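Here is the structure we will look at, set down as structure tokens.
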Amino acid sequence: MKKILNIEYYSDGIDETQFTCTEIPIAASCGYYYKDYYYYYLFMRTFYANWKKKDENNYKWKNLFKALGLSYEAVDVKDEKELITTIINLIENQTPVLVPVSYYDLPFSERYRDNKNINKGMHYILVNGYDSEKHILYTRMSPHVYSDAVLNNNTGLYTYRMKETMLQEIWNDSNNGYFKSEPRWRNKVFNITSLSPDKEILFDDIITGLTAQCNYEEDILKEKLKKLSVGQTKCLNDKMYFLRLDHEKYIEAFFYLFKKLVEENCMCTEFIMQIEQLQNEYTEVRKNLISKAHISILRNEEFDIEANYTNMIQLNKKLFGIIETVAKQVDKNRYNDTDYAVLSKIEVSSEDEEFFSPYNMVQANDEIWRSANIYGTHWIMFSFPGEIIIRNIRIVHDSNYNKTTNAYEILISADKENWEKLCEVNDNHKFFTEHKLFTKKCRYLKINILKPALISMQARIKRVRIYGVLTES
């Protein structure tokens with residue numbers, strides 16, 4: 001038996017120079033449920049990696065998953081045999097599996113074997129498929145651990161097929177080595193599950209109120225610089241190197257994700273220019289700040305963190321202001337864009353309306369639209385009260401994995417005669433899909449269902465939401 005869960009490569013995502021090899025597989029697991037969750041998770045993670053949380057006592061890492069409607073949980077595993085059965089069972093339940101292992105026990109590069117110090121580091125292997133006949137596991141790996149050839153491809157993740165025995169050996173060696181002193185990872189695998197598959201989490205939800213959770217005057221870099229003391233020369237160069245490296249990559253990752261999400265959700269070049277300018281200022285000020293601290297300690301001079309941090313605080317304040325302005329803008333876009341799928345003026349039709357009204361899809365109830373239970377292409381058509389500019393289409397499918405809409409295409413038309421295909425989706429197993437189209441104009445929109453489900457001739461759709469701006473009535 002063979003099964004592979006579809007996980008993106010995220011070639012336009014975060015790479016190994018910007019974030020860790022544990023966070024990238026976690027983000028990809030979030031992205032399994034909805035592609036943008038990869039970006040949302042890392043955006044929140046980079047934010048909290050740069051700015052100090054106001055309420056550290058009540059902050060929990062799991063809150064990041066909760067914000068996405070997900071749950072991150074550990075699964076206890078007794079031995080290497082149970083490891084494989086646990087992985088297979090979780091994948092059968094549509095859940096990617098995160099297997100914690102020690103860097104030192106990875107076989108991909110000799111540099112990990114040559115350096116005993118790297119033993120004290122954890123890496124996640126993301127398992128997204130298996131072939132029980134060939135005893136092979138399909139994994140997505142962060143390029144941290146592979147060759148330069150892979151790193152030069154600028155891919156966020158790559159595929160690695162691994163024998164079951166190989167993973168068992170790596171897992172056993174990790175548990176009997178470094179993980180002996182790390183019970184949180186020993187004899188465990190982790191999985192991320194969806195708490196509410198039908199609920200859609202948007203960038204609007206992620207960015208709203210974000211700055212209220214952190215203090216721009218007390219960022220993480222300032223906290224770490226405070227811990228450096230005069231005369232602390234032992235391993236100072238190494239400490240300053242990693243301090244500079246970490247904070248350069250964390251701030252680079254934050255700005256990359258912030259700009260990408262703003263581009264996709266705000267459509268405002270003014271914000272993009274402000275973000276790019278601020279990133280350049282951040283890079284320069286942070287480098288100078290760390291260098292000044294380094295020189296002061298080498299000279300056995302006091303480094304006045306408060307006096308030297310004034311420019312950094314001003315930049316933090318400026319950035320938080322931009323984030324709040326963006327939050328207001330996406331909020332404005334969200335509520336100014338009419339959801340035409342719930343307007344009384346809209347007309348909704350389908351190829352068979354005798355038993356199941358297509359209006360079920362646009363009403364705020366728990367009814368689900370079903371097509372005729374016959375072979376062939378099923379369709380739903382939306383007729384708008386005038387020409388609209390479509391920005392976003394969101395579809396909530398049947399939450400039963402075997403009955404989720406497997407393949408469909410979306411078309412638009414000005415006259416119901418000539419149709420333009422906007423997109424086509426194949427081999428879909430997600431309960432919620434979204435299509436960001438932004439500038440397309442139309443009077444009619446049609447969803448052609450090419451393959452209703454894995455085990456049924458009948459198509460099932462719970463909700464369709466079409467967001468846009470009416471240009472005429």
Side-chain angles (χ1 to χ4, degrees), residues 3-5 7 16 19-30 32 41 45 60-62 64-65 70-132 134-147 150 157-193:
K3 184 165 188 171
I4 302 174
L5 303 180
I7 290 181
E16 83 291 341
F19 226 75
T20 70
C21 64
T22 55
E23 297 292 357
I24 293 175
I26 288 173
S29 295
C30 295
Y32 167 70
Y41 171 82
R45 195 73 182 91
K60 294 181 180 178
W61 183 47
K62 289 187 177 182
L64 296 183
F65 302 100
L70 304 174
S71 174
Y72 171 89
E73 302 295 340
V75 180
D76 291 322
V77 179
K78 182 174 60 178
D79 52 34
E80 67 270 17
K81 184 177 179 181
E82 192 174 277
L83 172 67
I84 303 304
T85 57
T86 300
I87 288 172
I88 290 174
N89 289 337
L90 288 171
I91 290 174
E92 280 296 317
N93 287 325
Q94 312 304 316
T95 306
V97 187
L98 293 160
V99 182
V101 297
S102 163
Y103 259 131
Y104 179 71
D105 296 302
L106 291 170
F108 308 114
S109 175
E110 284 300 317
R111 64 193 174 108
Y112 294 109
R113 293 287 183 180
D114 293 341
N115 187 350
K116 293 287 183 180
N117 293 325
I118 213 155
N119 189 18
K120 295 184 179 180
M122 194 271 281
H123 173 79
Y124 269 136
I125 296 176
L126 170 56
V127 185
N128 66 306
Y130 71 90
D131 186 330
S132 55
K134 295 181 178 179
H135 300 287
I136 286 175
L137 298 170
Y138 293 84
T139 75
R140 286 277 194 270
M141 290 281 193
S142 166
H144 290 71
V145 295
Y146 208 45
S147 69
V150 172
L157 293 155
Y158 68 92
T159 298
Y160 187 88
R161 290 193 300 172
M162 181 182 291
K163 284 285 188 182
E164 291 176 359
T165 52
M166 184 179 185
L167 182 62
Q168 288 173 319
E169 181 181 347
I170 296 169
W171 187 75
N172 267 334
D173 289 346
S174 300
N175 286 323
N176 294 326
Y178 173 43
F179 290 172
K180 276 187 176 181
S181 59
E182 291 288 347
R184 55 184 168 162
W185 297 321
R186 193 165 190 248
N187 285 14
K188 287 180 174 61
V189 298
F190 295 83
N191 69 324
I192 296 171
T193 56

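Note that this is a predicted model, so its numbers are computed, not measured.
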Can you see which heavy atom on [X] is nearest to which on [Y], and at what distance?
| X | Y | result |
| --- | --- | --- |
| Tyr138 | Arg161 | CE2-CD, 3.3 Å |
| Leu126 | Pro25 | CD2-O, 3.8 Å |
| Val77 | Asp79 | CG1-O, 3.4 Å |
| Gly129 | Ile91 | N-CD1, 3.5 Å |
| Pro96 | Asn191 | O-CB, 3.7 Å |
| Arg184 | Phe190 | O-CZ, 3.4 Å |

Is the backbone N or O of [Y] less than 3.5 Å from a side-chain atom of [X], with the two atoms forming a donor-acceptor pair by type?
| X | Y | value |
| --- | --- | --- |
| Asp173 | Asp105 | no |
| Asn175 | Asn187 | yes |
| Ser102 | Ser174 | no |
| Arg140 | Ile7 | yes |
| Asn93 | Thr95 | no |
| Lys188 | Pro183 | yes |
| Thr139 | Tyr160 | yes |
| Gln168 | Glu80 | yes |
| Glu82 | Lys78 | yes |

| What do the steps show when you test Lys180 against Arg186 for side chain to side chain contact (heavy atoms under 4.5 Å, CB included), and what is the final call? | CA-CA 7 Å; Lys180 276 187 176 181; Arg186 193 165 190 248; 4.0 Å; yes
Would you give the length of the straight line joining atom [atom1] of [X] to atom [atom2] of [Y], rounded to the nearest 0.5 angstrom?
| X | Y | atom1 | atom2 | value |
| --- | --- | --- | --- | --- |
| Lys3 | Ile88 | NZ | CD1 | 11.5 Å |
| Ile26 | Cys21 | CD1 | SG | 10.0 Å |
| Thr85 | Leu83 | OG1 | CG | 8.0 Å |
| Ile136 | Met166 | CD1 | CE | 12.0 Å |

| request: Inspect the surroundings of NZ in Lys134 and state if more than 12 heavy atoms from other residues, nucleotides or ligands are less than 6.0 Å away. | output: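 Result for NZ/Lys134: open.
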Can you confirm whether [X] sits close enough to [Y] that some side-chain heavy atom of one is under 4.5 Å from a side-chain heavy atom of the other?
| X | Y | value |
| --- | --- | --- |
| His123 | Leu106 | yes |
| Leu70 | Thr193 | no |
| Val99 | Ile87 | yes |

| message | Using the rule given for side chain to side chain contact (heavy atoms under 4.5 Å, CB included), can you reason through Val189 versus Leu98, listing the C-alpha separation, both sets of side-chain angles and the distance that settles it, and then say yes or no? | response | CA-CA 6 Å; Val189 298; Leu98 293 160; over 6 Å; no
| request: Just say parallel, tilted or perpendicular for the rings of Tyr124 and Tyr72, cut-offs at 30° and 60°. | output: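 Judged by the thresholds at 30° and 60°, the geometry between Tyr124 and Tyr72 is perpendicular.
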| field | Derivation of the side chain to side chain contact (heavy atoms under 4.5 Å, CB included) call for Ile125 and Val127 | value | CA-CA 6 Å; Ile125 296 176; Val127 185; 4.2 Å; yes
| message | One pair to check against side chain to side chain contact (heavy atoms under 4.5 Å, CB included): Gln94 and Leu5. What are the steps and the verdict? | response | CA-CA 7 Å; Gln94 312 304 316; Leu5 303 180; 3.6 Å; yes
| request: Compute the centroid of each ring, for Tyr178 and then for Tyr103, and state whether the two points are separated by less than 6.0 Å. | output: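 Ring-ring flag for Tyr178/Tyr103: false, centres at least 6.0 Å apart.
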| said: Just by distance, no angles: are the side chains of Tyr130 and Glu164 close enough, under 3.5 Å, to form a donor-acceptor pair? | reply: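 There is no such pair (donor and acceptor under 3.5 Å, judged by atom type) between the side chains of Tyr130 and Glu164.
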